[in-house]
Amino acid sequence: MQKKLFLLDAMALIYRAYYGLIRSPRITSAGKNTSAQFGFTTTLIDIINKEKPTHLAVCFDTHAPTERHTDFTDYKANRQEAPEDLLQSLPDIKRIIEAFNIPVVELDGYEADDIIGTVAWQAADAGYEVYMVTPDKDYGQLLIHDHVYIYKPPFMGNKEEILDAKKICEKWDIQRVEQVIDILGLMGDAVDNIPGIKGVGEKTAAKLLKEYDTLENVLANADNITGALGEKIRAGKEDAIMSKKLATIITKVPVEFHEENYRLKDWNKPVLTEVFVELEFKTLGKRVLGDSFNAFHAAPEAQQTDLFGAVVDTKKSDISRKTESTVAAQSSLFGDDTSTGLVAEKNINNTDHDYQLVQTDEEIANLVSYLSEQAEICFDTETTHIDANEAELVGLSFSCRPGEGFYVPCPADRAATMAILQKFKDLFASPTMKWIGQNIKYDLLVLKWYGFEIAGELFDTMLAHYVIEPEGRRSMDLLSAQYLQYEPVHIDELIGKKGKNQGTMREVEVEKAKDYAAEDADITLQLKNIFVPLLKEKAVERVFSEAENPLVKVLTDMEFEGVKVDVGFLNDYSVELEREAKIFENNVYEQAGVRFNLASPKQLGEVLFEKLKLDPKAKKTKTGQYATGEDVLSKLAHQHKIVDDILGFRQLTKLKSTYVDALPLMINSKTGRVHTSYAQAVAVTGRLSSNNPNLQNIPIRSDRGKEIRKAFVPRDSNHILVSADYSQIELRIVAAISGDPNMCEAFRQGKDIHTATAAKVYGIPESEVTKEQRYKAKSVNFGIIYGQGAFGLADNLGIARSEAKEIIDNYKKEFTGITKYMDDIVNFCKDKGYVETILGRKRWLKDIYSSNFTVRGYAERNAVNSPIQGTAADMIKLAMIKIHHEMKSQKLQSRMILQVHDELVFDAVKEEVDILKPLILNCMKAALPLPNEVPVEAEVGIGDNWLVAH
DNA sequence: CGCTTCACG
DNA sequence: ACGTACGTGAAGCGC
């Protein structure tokens, strides 16, 4: 077995753990700060568990001065005294290390990096793979020795990282690891008070080494270096030489690597338990010590608030007692876990169901008559395609009580299938029958292609789950496993895995199809029985019954309708884009001096930053590639003319491949129209999303892009497109729910909100607001919605951080209500565990309690943004339902065809436009009145294509 | 299949 | 020491 030695730089890890949690430290009930102990211990345990070292040692610095101090009195002179509670952590940490039976290595006169370097090289010579565990980049120099690596432990949401010589060179932008000490000598190190050359930082140092290879050679050539840089180097020669010496890790420390001494041994569990109890490491103790920890751990865990117990519904509902007990089991364990005691009582297994095949006319007649006596029917369709617009019916399944299932096969012959459906016609048309389904929009759409519509109320279990647990995944298999403790037959077992050999339900023998299909209906019904009380417990019934559930039929109709696309126009435009893209592409190759795949970010990065030597400004992607996104490239535009050609190429090929060439291929052969599909249970905030194709991201911002909107046209010359959109809806919602007096008043007076904002922020009359100021104010207004800080605003507007900060500070002063809202909503979330919209749509943000700054920050921004984005989503959904209802009851022939978050598009009969316009606007404005008398405004336009109408 | 980029609100 | 503005879907690259 390969021997793996891990050497931990204790003080560096301790400092990092302590300061990493400085904003929300771990404090014991006695008030002791245990951040350092905790952080160090988790790092140690994670390494042992994950990396499985065979050998391990922990290295400390001692208080004794080192050679570096005696040679250079300023060394580490500006370092602050370590905080009291950090120093107090050291004895605990040493006890823990001792209890793990791990050796501590320290030696007066040497720092931990010297010891680690010496031992690392000795061990590597002895055939070990050596990992130096430290966040300190100076260790890179030790990687000149083979089989020695740096192990950066995970921190603040970053994954652990193993650095080898190549990665070190990439990080520093140098050619050889030997140059690490040269770069450190040139740039110095502020933390250790190593001076380096004044005015030379990381970038300049790397540039100098690229040209002169070593620090000594840089200094030797100092006279050849012109300008201010040359002067700085000439002035800093001595500092540089000394700095290099200080930065060089000593690898000849009088320590010896003893294999047996460093070998990992058993832990002293009683001592570990004692320390963990003392430090109140409850979860960690349980994790690593298991039951032996619980036995010692006499003090009870802090009582968790019972999230569900208080909400137990004593009223009898229509669910069985078994189901209730299952719900109770779910509830008492925070919804994730299941109580083993109750799993035995689960409702489905392979024996206690009765699934029947229903085929003959008589059988079907009996089924129909049975179903028509029921109050609710759970049903499901089996088809040949995942895309409902292409799907043919293969069978229908029904279930009205747990364990029951009927399956009606439908033959390949369309007329025969129609004949079967005819027998269900009255049932479908019954206004009182209630229909339960999982993603029932799909089934409605399939039926609609056969000319059948369901009249009664719906209950979609997928949507119920969506409002109960918006972030969760909700395939039926998962829901069944989670809520029914039952794993249904998987579709792959019938038709094979995804791929070219995948069959369709049509080829599955009818007995198997029956078991699968009937089970789906059965499970869906049981899920409904579980979700009904859950909707109540979580208090999300309103958004479910007023918005999500009634929206299903609206979306079904919209998807069925589709939109007409002018293919001739797109084909012409494709040719033009192709021609222009070619020109850009050739310009790029000419300027680069090579031909390469311009569509490959990897190749492009290499050409730009290695061949053409543009300055990448240290921007790298997480996989270590050069970032070449639009934001990065725009900032490089002044460095090289090639950048504009790259951006031009990117824009044109994007438009061509994603829209102009793709849309005609998505046209449905039966209708000649494009039918998008709206995902109603995907976006966690409550928005819809659109796919196959996505019609919610059709270009509008660029001139070349917006041309594409001309391809979206009315169905014929009797029709015209009508587009209506909300005006500044999210900002109005911010104003209304924050109650900020200035912003509410601006909206009530019908002002231009960005101009009004600019006037406040800059303290000038609105009439004097410049375009520039309005533009900046607009950016702040949007940034606020997302929880943006000064850094982001500066980046976005290309202004100094200081200016951004000033603007934000002014904004907060003028709009105190908004600042208060942002604080209040975060506190609300920390109190309740969720945030919610006006309609009561909730989003649970468990990361709001995270001690990790980055993770918690993300949750806090979500807490601010979700109620805003979600309320806007609620509002337009209510408007869609109202409009759909009105159009139907007024028997209008116009059709709602698209929704783009704050916009609705209609394929309108020309004669109906005068009725339609006010109908739409009234419904949109009145859909969800906002508090604080903030008015809701909407605008409507018409035209012979989407670009004109919008 | 994950990553990067880019289109929208 | 670290990262920095929310929510989506699709295309193309490269492993």
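To find a chain, count down the sequence lines: A is the first, B the second, and so on, and within it residues start at 1.
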Chemist: So, do A:Tyr626 and A:Lys602 sit near enough that their side-chain heavy atoms are less than 4.5 Å apart?
Modeler: no
Chemist: Whole-Å distance between C:dG9 C1' and A:Gln899 CD?
Modeler: 15 Å
Chemist: Short question: side chain of A:Ser689, backbone of A:Ala683 - any donor-acceptor pair under 3.5 Å?
Modeler: no
Chemist: Tell me, for nucleotides 3-9 of chain B in 5' to 3' order, what letter each nucleotide earns: B for a base near a protein heavy atom under 4.0 Å, S for only sugar-phosphate near one, - for neither?
Modeler: SSSBBBB
Chemist: Closer than 4.0 Å, any side-chain N/O of A:Lys137 to the OP1 or OP2 of C:dC2?
Modeler: no
Chemist: Send over the distance from A:Glu860 CD to C:dC6 P, rounded to a whole Å.
Modeler: 12 Å
Chemist: Could you list the residues that satisfy side chain to side chain donor-acceptor pair (under 3.5 Å) with A:Thr41, not counting sequence neighbours?
Modeler: none
Chemist: Any base atoms under 4.0 Å from A:Asp795, or only sugar-phosphate, or nothing? Heavy atoms, all strands.
Modeler: nothing
Chemist: Expressed as a whole number of Å, how far does the P atom of B:dA7 sit from that of C:dC2?
Modeler: 32 Å
Chemist: Can you tell me how far P in C:dG3 sits from the matching atom in B:dT4, rounded to whole Å?
Modeler: 14 Å
Chemist: Give A:Tyr678 one of three labels, base, sugar-phosphate or nothing, depending on what nucleic acid heavy atoms sit under 4.0 Å from its own.
Modeler: nothing
Chemist: Less than 4.0 Å between a side-chain N and a carboxylate O, is that true for A:Lys441 and A:Glu548?
Modeler: no
Chemist: A:Glu580: which residues meet the salt bridge (Lys or Arg N to Asp or Glu O under 4.0 Å) condition with it, sequence neighbours left out?
Modeler: A:Arg704
Chemist: Is A:Ser866 touching bases, backbone alone, or none of the nucleic acid, heavy atoms closer than 4.0 Å?
Modeler: nothing
Chemist: For the residue pair A:Tyr151 and A:Glu160, establish whether any side-chain heavy-atom pair is separated by less than 4.5 Å.
Modeler: yes
Chemist: Nearest whole Å is fine: how far is C:dA10 P from A:Leu663 CG?
Modeler: 11 Å
Chemist: Provide, to the nearest angstrom, the distance between the NZ atom belonging to A:Lys656 and the P atom belonging to C:dG12.
Modeler: 9 Å
Chemist: Which is more 5' along DNA chain C, the nucleotide nearest A:Arg861 or the one nearest A:Val682? Just name the residue.
Modeler: A:Arg861
Chemist: Indicate yes or no: at least one non-hydrogen side-chain atom of A:Ile799 is less than 4.5 angstrom from one of A:Ile807.
Modeler: yes
Chemist: My understanding is that only residues two or more places apart in sequence, or in another chain, count here; which of them pass salt bridge (Lys or Arg N to Asp or Glu O under 4.0 Å) with A:Asp823?
Modeler: none
Chemist: Tell me the interatomic distance from A:Leu695, atom CG, to C:dA10, atom C1', rounded to whole angstroms.
Modeler: 12 Å
Chemist: Would you name the heavy atoms of A:Ala790 and A:Ala804 that are closest together and state the gap between them?
Modeler: O-CB, 3.5 Å
Chemist: Is the centre of the A:Phe782 ring less than 6.0 Å from the centre of the A:His754 ring?
Modeler: yes
Chemist: By the 4.0 Å heavy-atom rule, please label A:Arg843 as base, sugar-phosphate, or nothing.
Modeler: sugar-phosphate
Chemist: Could you tell me the separation between the CZ atom of A:Phe649 and the P atom of C:dA11, rounded to a whole number of Å?
Modeler: 16 Å
Chemist: When you measure from the side chain of A:Ala599, which nucleotide among C:dG9, C:dT8, C:dG12 comes out closest?
Modeler: C:dG12
Chemist: When you measure from the side-chain N and O atoms of A:Asn865 to the phosphate of C:dG7, is any distance below 4.0 Å, counting only OP1 and OP2?
Modeler: no
Chemist: Please give, in whole Å, the distance from C:dG3 C1' to A:Asp847 CG?
Modeler: 16 Å
Chemist: Reckon A:Lys706 touches a base, only the sugar-phosphate, or nothing at all at heavy-atom distances under 4.0 Å?
Modeler: nothing
Chemist: DNA chain B in dot-bracket, Watson-Crick or G-U pairs under 3.5 Å, [ ] crossing, | other strand?
Modeler: |||||||||
Chemist: Reckon A:Val864 touches a base, only the sugar-phosphate, or nothing at all at heavy-atom distances under 4.0 Å?
Modeler: nothing
Chemist: Taking only side-chain N and O atoms of A:Tyr858, does any of them lie within less than 4.0 angstrom of OP1 or OP2 on C:dC2?
Modeler: no
Chemist: So, OP1 or OP2 of C:dA11: does either fall under 4.0 Å of a side-chain N or O from A:Thr658?
Modeler: no
Chemist: Take the protein atom CZ of A:Phe596 and the nucleotide atom C1' of C:dC13, then report the distance between them rounded to whole Å.
Modeler: 14 Å
Chemist: Would you please name every residue forming a ring pair (Phe, Tyr, Trp, His ring centres under 6.0 Å) with A:Tyr589, sequence neighbours left out?
Modeler: A:Phe596
Chemist: For A:Arg16 and A:Ser689, take the nucleotide of DNA chain C holding the closest heavy atom to each; which residue's nucleotide lies nearer the 5' end?
Modeler: A:Arg16
